[in-house]
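Heads up: numbering here begins at 1 and tracks the sequence.
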Amino acid sequence: MYNSERKNDNIINKSIDLIKAYPLCDRCLGRMFARLGLGWSNSERGKAIKFLVIMYLHEMLRRGVINKDYIKDVMINIGPISYQLYKNLYNEEPNYKRCYLCNSIIEDFIDKASLQVSYRIDKYNVKKFLIGIRINDDTIIKEESIKSQYKLSYGESIKNELKREIGKKVQQIKPNSKVDFDSPEVVYEISFPDLNIRDQKTSLILFGKYKKTIRGISIIGPTNYNSILNDLAKIFDSNEIILHLINRDEPDFRTLGKGASIIAEIKKGKLIELDNKLIEGHNSLISIENLELKRGQLSNLLTNKKQNRIYRVLILCENDINDELINLVNKRNLMIEQIINRKKINGLMREIACYKVFNNIMECLISIDDPLYIKEIVNGNKTTPSISSIIGSNCNIIEGDLLSFE
């Protein structure tokens, strides 16, 4: 036998052991070593390994280290590139087997899937797309089992390979359309091996600023007095629109100044040339402006930048207020801890400036950072410290305005 000539764990010897047990096509073999070498496809990588294996075994055979019966299974499982040597050794036609992992369909699958996706891109004039792949459980189990059995630490999954290769081929067929990981118009989800394609339009995300000039109305509630949702549904031909606010929707607060951020997530919407006049200045109660339209996953488009909010609030306290208590309240750079929806949050109250209006009423300008909540800062509900705790009296907001959101 030739074990004494072998060094454990090199690519050729691992490949011999692997191919002796499983018939593998060029691409599926090359994928097991995908992170070795640069600038090659897995198909090229697998073919190169097979050439080396054939040459190595032929050398061992000629040196008398092994006999031809020992390598017959390898010659069969290695596929058609072993044809000449096999015919010479065994004087018979080889009966090659289909690939253990892909059933020898992967090359054809990539070609057909790429053509089908290209047709859909052309039909709907898609400029930015992404490929998604669903692999059947049997293939996943086989692939992971082989990697584990032969300790193959440099491989990649068939899922990753198909996503990459189909994406590249589609871009070759449709050079004006590009793979976009951040904001694709459509995700084409392709199932392997049955080649079913499902188009998933990503959401349209409309960013803007809103102002609310009167109290008592909600911008996102089901009973709001404005028709923002209805108008957006008509404009973008979508029956599923979700409005998101960066700050909490406070119906009893006005939103003034430059306004506050609003995001409309428009699912399965039609991409249009944005006409700001269709939405801006929505009505006399709520106006929306500074619009920007993007496509993609909402979580990928949001930034983690903290924003500062300035409120004007009128506060009613249970007990009378004096100048000494006002001085206790007026602070800068105070760390606040809140528990909101069972989640602990921390933030900075940058500044608070209050003055007494009446016996137990004061008016305050309060500057806070995300993600703090203004009402709890005043009434002390699961908030430490709060205005109520500082002055030792139960206090609540009578009315408030969001003046600045930066």
Any non-hydrogen side-chain atom of [X] less than 4.5 Å from a side-chain atom of [Y]?
| X | Y | value |
| --- | --- | --- |
| I54 | V74 | no |
| F33 | L152 | yes |
| I366 | M349 | yes |
| M75 | P94 | no |
| I190 | I166 | yes |
| I197 | R120 | yes |
| F129 | S177 | yes |
| L348 | L334 | no |

Rounded to the nearest 0.5 Å, how far does [atom2] of [Y] lie from [atom1] of [X]?
| X | Y | atom1 | atom2 | value |
| --- | --- | --- | --- | --- |
| L61 | L57 | CG | CG | 8.5 Å |
| N103 | F192 | CG | CZ | 8.5 Å |
| I141 | D138 | CD1 | CG | 6.5 Å |
| I71 | M60 | CD1 | CE | 11.0 Å |
| I78 | K97 | CD1 | NZ | 13.5 Å |
| Y83 | I81 | OH | CD1 | 15.0 Å |

Do the side chain of [X] and the main chain of [Y] share a donor and acceptor less than 3.5 angstrom apart?
| X | Y | result |
| --- | --- | --- |
| R309 | S367 | no |
| R350 | I310 | no |
| N394 | S388 | no |
| K212 | F253 | yes |
| D401 | L403 | no |
| K331 | E351 | no |
| S15 | I11 | yes |
| S114 | I110 | yes |
| N319 | S393 | no |
| K14 | K151 | yes |

Listed pairs under 3.5 Å, donor-acceptor, residues 335-345 side chains, sequence neighbours left out:
residue: Q338; atom: OE1; partner: Y373; partner atom: N; Å: 3.0
residue: Q338; atom: NE2; partner: Y373; partner atom: O; Å: 3.1
residue: Q338; atom: NE2; partner: T383; partner atom: OG1; Å: 3.2

Search all heavy atoms of [X] against all heavy atoms of [Y] and return the closest pair with its distance.
| X | Y | answer |
| --- | --- | --- |
| K50 | L24 | NZ-O, 2.8 Å |
| V357 | L314 | CG2-CD1, 4.3 Å |
| T139 | L101 | CG2-O, 3.8 Å |
| T213 | R254 | O-CD, 3.2 Å |
| L206 | I266 | CB-CD1, 4.3 Å |
| V179 | Q171 | N-OE1, 3.1 Å |

Q.
As a quick check of understanding, evaluate salt bridge (charged side-chain N to carboxylate O under 4.0 Å, His left out) for E44 and K47, giving each step before the final call.
A. CA-CA 5 Å; E44 292 170 329; K47 187 172 290 185; over 6 Å; no
Decide, yes or no, whether a salt bridge links [X] with [Y] under the criterion of side-chain N to carboxylate O below 4.0 Å.
| X | Y | value |
| --- | --- | --- |
| R215 | E250 | no |
| R312 | E399 | yes |
| K142 | D137 | no |
| R27 | E107 | yes |
| R31 | E156 | no |
| R62 | E59 | no |
| E185 | K128 | no |

Are there more than 12 heavy atoms of other residues, nucleotides or ligands under 6.0 Å from atom [atom1] of [X]?
| X | atom1 | result |
| --- | --- | --- |
| D194 | CG | yes |
| K178 | NZ | yes |
| K87 | NZ | yes |
| K159 | NZ | no |

Q. Does the pair Y100 and I146 meet the rule for a side-chain contact (heavy atoms from CB on, under 4.5 Å), with working shown?
A. CA-CA 10 Å; Y100 174 73; I146 286 177; 3.8 Å; yes
Q) Within 45° of the axis and under 6.0 Å from the centre of the six-membered ring of Y70, does NZ or CZ of K20 qualify? A)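 Judged by the rule (NZ or CZ under 6.0 Å from the ring centre, within 45° of its axis), K20 counts as positioned above Y70.
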Q.
Is the terminal nitrogen or CZ of K72 (NZ for Lys, CZ for Arg) located under 6.0 angstrom from the six-membered ring centre of Y90 and within 45° of that ring's axis?
A.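 Flagged: K72 positioned over aromatic ring of Y90.
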**Q.** Y150 and Y22 aromatic ring geometry - parallel, tilted or perpendicular at 30°/60° bounds
**A.**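 Perpendicular.
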Q: Could you please spell out the steps behind the side-chain contact (heavy atoms from CB on, under 4.5 Å) verdict for K169 and Q172?
A: CA-CA 5 Å; K169 202 169 189 69; Q172 291 170 359; 4.2 Å; yes
Do you see a donor-acceptor pair shorter than 3.5 Å between the side chains of [X] and [Y]?
| X | Y | result |
| --- | --- | --- |
| N13 | N10 | yes |
| N136 | S191 | no |
| E93 | Y86 | no |

(Q) Go through it in stages, so that I can follow the logic: the residues are N396 and V378, the test is side-chain contact (heavy atoms from CB on, under 4.5 Å), and I'd like the CA-CA distance, side-chain angles, deciding distance and then a yes or no. (A) CA-CA 6 Å; N396 286 283; V378 174; 5.6 Å; no
Q: Give yes when the SG atoms of C102 and C28 are nearer than 2.5 Å, otherwise give no.
A: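 Disulfide absent: SG-SG distance not under 2.5 Å.
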Q) Do the cysteine sulfurs of C395 and C317 sit under 2.5 angstrom from one another? A)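 Answer is yes: C317 pairs with C395 in a disulfide.
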Q: Walk me through it: do C25 and C99 pass the test disulfide (SG to SG under 2.5 Å)?
A: CA-CA 5 Å; C25 67; C99 176; 3.8 Å; no
Q) Can you list the steps and then say if N381 with N379 is a side-chain hydrogen bond (donor to acceptor under 3.5 Å, both in side chains)? A) CA-CA 6 Å; N381 181 24; N379 63 37; 5.0 Å; no
Q.
Test side-chain contact (heavy atoms from CB on, under 4.5 Å) on Y96 and S82; report intermediate values, then the result.
A. CA-CA 10 Å; Y96 295 123; S82 70; 3.5 Å; yes
